[in-house]
Colleague: 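Sharing a structure here in structure tokens format.
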2 protein chains.
Amino acid sequence: MARALRADAVRNRDKLLAAAASEFAARGLDAPLEHIAKRAGVSIGTLYNHFPTRDDLLDALLPERLGPAMAEIAAQALAEDDPWRGFETYLAGLLGLQARDRALNDAISQRIPLSPEVHAVCGQGFEQALLIIGRARDAGCLRPDFEPADLLSLTWAMAAVIQRNPQGWRRFLDLYLNGVRVGRR
Amino acid sequence: MARALRADAVRNRDKLLAAAASEFAARGLDAPLEHIAKRAGVSIGTLYNHFPTRDDLLDALLPERLGPAMAEIAAQALAEDDPWRGFETYLAGLLGLQARDRALNDAISQRIPLSPEVHAVCGQGFEQALLIIGRARDAGCLRPDFEPADLLSLTWAMAAVIQRNPQGWRRFLDLYLNGVRVGRR
DNA sequence: AAGTAACCCGAGGGCACCCTCAACTTGTGC
DNA sequence: GCACAAGTTGAGGGTGCCCTCGGGTTACTT
């Protein structure tokens, strides 16, 4: 077990995490590390002391933001009685997450190579999506050929739309859902 | 009127344009100019001699590739008797263009700020799209609320899909078209 | 064949970002 | 309060890309 951090080190670590969160949210997961250090009021060397690689920083930030958020969305979707509404809810939630903050957008749409840790968290979210997709498909309200890969494409596509028109994804999702639904035009 | 170029200058200009075309096609419109000079077998200074800015290079390249291609696609689409098939044909053609080469993908989806020249060419293509959209809408086979802006979003979305899965756009387009169509499920 | 304008070259300065390390400062345990 | 480990610092070297400019080369003219 690692020795406890010194008091000032804890402070700096926290400041770095806070700065990184807002910088990533604003500029994306490839935001310059030097900006983060500056925003934290700390030298670049200190940043590298605490987080030797960019992935270390991401690992400290993303899982605890992504995991609960995705779980919550899946839970909401599964709480819907109607499988189709559940599916709708899931997508609106996921894409809403992407739209809310550029860091999540980059992570969910994998715009950037992710560390195993973050990848694992995304994988868990994906597992839950399988349930929701399966339920809607089995109920006959989602195209039987709808595959998880389609969901992946959708996150890529929406990541791009969101970047140029942060509100535009809702309209796009409406059209897409309409194409993916069975019956009840 | 500018004086005629010297023979070696013409040769170099041509080599530069050829190199730029393949480099842009492979790496996108923000490919390093130094790579282009190297590929052309010419010094970076010579590149800047002929094309003082990146836009000058793009202006010499894109309009003559983009203009005819987009016109051709629109013509094909309008040649279809069935307005819906025309609309389908148009989108398949446009997105196929994006998928064919990264330079066109970047230009059509405007991943990068474009010069007025290139922008004008894209605008012309857009005009033709209006006809095809209007025809399909008036015939009642395209959602009446489908707007040109939806087409723009689609090019953004597809640009992203194409970058990660060059074939994936066809599947995505199928789903999308299904959502945008009226009647005939 | 010589003179000249046109053209080519590439070293180099600027910038943004990456990352390291040796010298300094500060918290902590005795 | 002292000593030392723990932590901080920022200058600086590396890389990749941008763009310029002064000196060398080459095609055209006569």
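Throughout, a chain's letter reflects where its sequence line sits, starting with A, and its residues are numbered from 1.
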Colleague: For DNA chain D, which residues of residues 5-16 of chain A approach it to below 4.0 angstrom with any heavy atom?
Modeller: A:Leu5, A:Arg6, A:Asp8, A:Ala9, A:Asn12
Colleague: Considering only residues two or more places apart or on different chains, which pairs with a residue in residues 88-144 of chain B satisfy ring pair (Phe, Tyr, Trp, His ring centres under 6.0 Å)?
Modeller: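 Of all non-adjacent pairs touching residues 88-144 of chain B, none passes ring pair (Phe, Tyr, Trp, His ring centres under 6.0 Å).
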Colleague: Please work out which residues in residues 33-42 of chain A have a non-hydrogen atom less than 4.0 Å from an atom of DNA chain C and list them by number.
Modeller: A:Leu33, A:Glu34, A:His35
Colleague: Can you name the ring pair (Phe, Tyr, Trp, His ring centres under 6.0 Å) partners of A:Phe24, sequence neighbours left out?
Modeller: none
Colleague: Please name all residues satisfying ring pair (Phe, Tyr, Trp, His ring centres under 6.0 Å) with B:Phe146, sequence neighbours left out, ordered by chain then number.
Modeller: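 Scan of B:Phe146 (ring pair (Phe, Tyr, Trp, His ring centres under 6.0 Å), adjacent residues dropped) gives B:Phe87.
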Colleague: Take atom CG of A:Asp30 and atom C1' of C:dC18, then tell me their distance rounded to the nearest Å.
Modeller: 14 Å
Colleague: What side-chain donor-acceptor pairs closer than 3.5 Å can you find for residues 65-78 of chain B, not counting sequence neighbours?
Modeller:
residue	atom	partner	partner atom	Å
B:Arg65	NH1	B:Asp101	OD2	2.7
B:Arg65	NH2	B:Asp101	OD2	3.2

Colleague: Is it true that atom CZ of B:Arg85 has more than 12 heavy atoms of other residues, nucleotides or ligands lying nearer than 6.0 Å?
Modeller: no
Colleague: Within this structure, what is the CD1-to-P distance between A:Ile44 and C:dA16, rounded to whole angstrom?
Modeller: 15 Å
Colleague: Considering residues at least two apart in sequence or located in another chain, which fulfil the side-chain hydrogen bond (donor to acceptor under 3.5 Å, both in side chains) criterion with B:Asp174?
Modeller: none
Colleague: Kindly list each side-chain donor-acceptor pair under 3.5 angstrom involving residues 110-118 of chain B, sequence neighbours excluded, with atom names and distances?
Modeller:
residue	atom	partner	partner atom	Å
B:Arg111	NE	B:Asp106	OD1	2.8
B:Arg111	NE	B:Asp106	OD2	3.4
B:Arg111	NH2	B:Asp30	OD1	3.0
B:Arg111	NH2	B:Asp30	OD2	3.2
B:Arg111	NH2	B:Asp106	OD2	3.1
B:Ser115	OG	B:Asp59	OD1	2.5
B:Ser115	OG	B:Val118	N	3.4

Colleague: Name the first nucleotide and the last nucleotide along DNA chain D (5' to 3') that come under 4.0 Å of a heavy atom in chain B.
Modeller: D:dC17 to D:dC28
Colleague: Write down the distance between CG (A:Leu57) and C1' (C:dC18), rounded to a whole number of angstrom.
Modeller: 15 Å
Colleague: Suppose the criterion is side chain to side chain donor-acceptor pair (under 3.5 Å): which pairs have a residue in residues 135-149 of chain B, not counting sequence neighbours?
Modeller: A:Arg171-B:Asp145, B:Arg143-B:Asp145
Colleague: For A:Gly45 and for B:Thr46, find the nucleotide of DNA chain C with the closest heavy atom, then tell me which residue's nucleotide is more 5'.
Modeller: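 Its nearest nucleotide being more 5', the pick is B:Thr46.
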Colleague: Looking at residues at least two apart in the chain, or sitting in another chain, which of them share a side-chain hydrogen bond (donor to acceptor under 3.5 Å, both in side chains) with A:Asn49?
Modeller: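 Listed in chain order: nothing, the list is empty.
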Colleague: Which pairs with one or both residues in residues 120-131 of chain B pass side chain to side chain donor-acceptor pair (under 3.5 Å), sequence neighbours excluded?
Modeller: none
